[in-house]
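Note that the structure is a prediction, hence the values are computed from the model and not measured. Atoms within a ligand are numbered from 1 in the order they appear, just like the ligands themselves. What you see below is based on every heavy atom in this structure, not just the backbone, and it leaves out hydrogens, waters and symmetry mates.
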Amino acid sequence: MITRSAHDVHNLADNLRQDTVNDSVLIAVGDSPSWQAQLAGAVTVPEQLLSMLQLSPDLLSGTLRANQEFSLRVPHAYIRRMALGDLNDPLLRQVLPVAQECQHVAGFGLDPLAEQSHNPVGGVIHKYRGRLLLIVGGACAVNCRFCFRRHFPYQDKQLDRDSWSEAMDYIRADTTIGEVILSGGDPLASSDRRLLKLATALNDIDHVRTLRIHTRLPVVIPGRVTDELLQWFAHQRLRPVMVIHANHANEIDDSVRQALAKLRQAGVTLLSQTVLLKGVNDDAQILAALSEALFNAGVLPYYLHLLDRVHGAAHFNVPEERARAIMAEMMAASPGYLVPKLVREIAGKPSKTRIY
Ligand code: SF4
């Protein structure tokens, strides 16, 4: 199997090659680096990350093997929101490889949601009635240590030149599909030009009404919300829904709020999904602060996921009983619209399973 880290590099290079035709990879208007430059300039060396955060490199024992399995990748815009000198910073914990990732834990596997058996044609994952996922690419702006697709064989299963027509034919032939979900990797790591081509193809399929995008990019590189992207949303027939992946209120700063405000103004419905992570957000007050921060930014807290049991992420697991207790505490302290649904995804089930 090609590792995720090797594949990321390949995919990122592909995306950037596509972008060089019309987009400047280096510097956008003003002096801010373009989103592509921020993507390409992400920190991938653990020693560099620790040094930027004024942490001792001695803390790296065990990191290197985990880094070989699934490499560090974190953009500067996200690092700027981490506290200096704090190894337990909730944003740092989400991205720093640690020795525990190499331990094999019973029940934690390579394909926790059995997605590879729901892959009818290249680039398509069809698990639920009425909607399906397109794997737009394998690249992400940030490599989250808990990612349930950290072992996903993107090289065989993503939407590419060979699988494109077959995927569109598959959607066209199934008139029950009213919603197409762009996933990955992060679909917004693709160029606007590629996304526009995709949306145009889906626009021509009458029974598709909604285009949903699952992304972490507006949080980790808010500069990804460009005028081109906003125009792309404004000029299409499909109803745009964006599900933002955020796990801690510290992730939502002014730059993220501004990016989300632009998306709302462009008519995009904004929802959030969060993964419940031990040592990051397994606390009712922390989650309530996240909900508040999201709501203030115009995002409705939607799903709180129990961790998918993927190899390398067992140390983030929060037992179901503890998760229910956290939810009960949140319910007692927050209005209902600020309390996301606690769900678990179970391989083979026709929808997510509501836990609370
Ligand atoms: S951004 Fe999403 S797909 Fe990418 S590594 Fe993080 S959780 Fe996984």
Can I get a per-line list of side-chain donor-acceptor pairs under 3.5 Å for residues 91-105, giving both atom names and the distance, sequence neighbours left out?
| residue | atom | partner | partner atom | Å |
| --- | --- | --- | --- | --- |
| Arg93 | NE | Gly279 | O | 3.3 |
| Arg93 | NH1 | Asn88 | OD1 | 3.0 |
| Gln94 | OE1 | Arg216 | NH2 | 2.8 |
| Gln94 | OE1 | Asn247 | ND2 | 2.9 |
| Gln94 | NE2 | Pro90 | O | 3.2 |
| Gln94 | NE2 | Glu251 | OE2 | 3.2 |
| Glu101 | OE1 | Arg145 | NE | 3.4 |
| Glu101 | OE1 | Arg145 | NH2 | 2.9 |
| Glu101 | OE1 | Arg150 | NH1 | 3.3 |
| Glu101 | OE1 | Arg150 | NH2 | 3.1 |
| Glu101 | OE2 | Val98 | N | 3.1 |
| Glu101 | OE2 | Arg145 | NE | 3.0 |

Query - Ser163 versus Asp160, side-chain donor and acceptor atoms under 3.5 Å - result: yes
Report summary line: So the atoms of ligand 1 within less than 4.0 Å of a heavy atom of Cys140 turn out to be 1 (S), 3 (S), 4 (Fe), 5 (S)
Query raised in the report: Counting heavy atoms only, which of Gly185, Ala189, Cys147 comes nearest to atom 8 (Fe) of ligand 1?
Result: Cys147
Query raised in the report: When rounded to the nearest 0.5 angstrom, what is the spacing between CG in Asp282 and CZ in Arg322?
Result: 6.0 Å
Report summary line: Quick note on ligand 1: atoms under 4.0 Å from a heavy atom of Arg216 include exactly 1 (S)
Report all side-chain donor-acceptor pairs from residues 292-311 shorter than 3.5 Å, counting only partners two or more places apart or in another chain.
| residue | atom | partner | partner atom | Å |
| --- | --- | --- | --- | --- |
| Asn296 | ND2 | Glu292 | O | 3.3 |
| His305 | NE2 | Gln273 | OE1 | 3.1 |

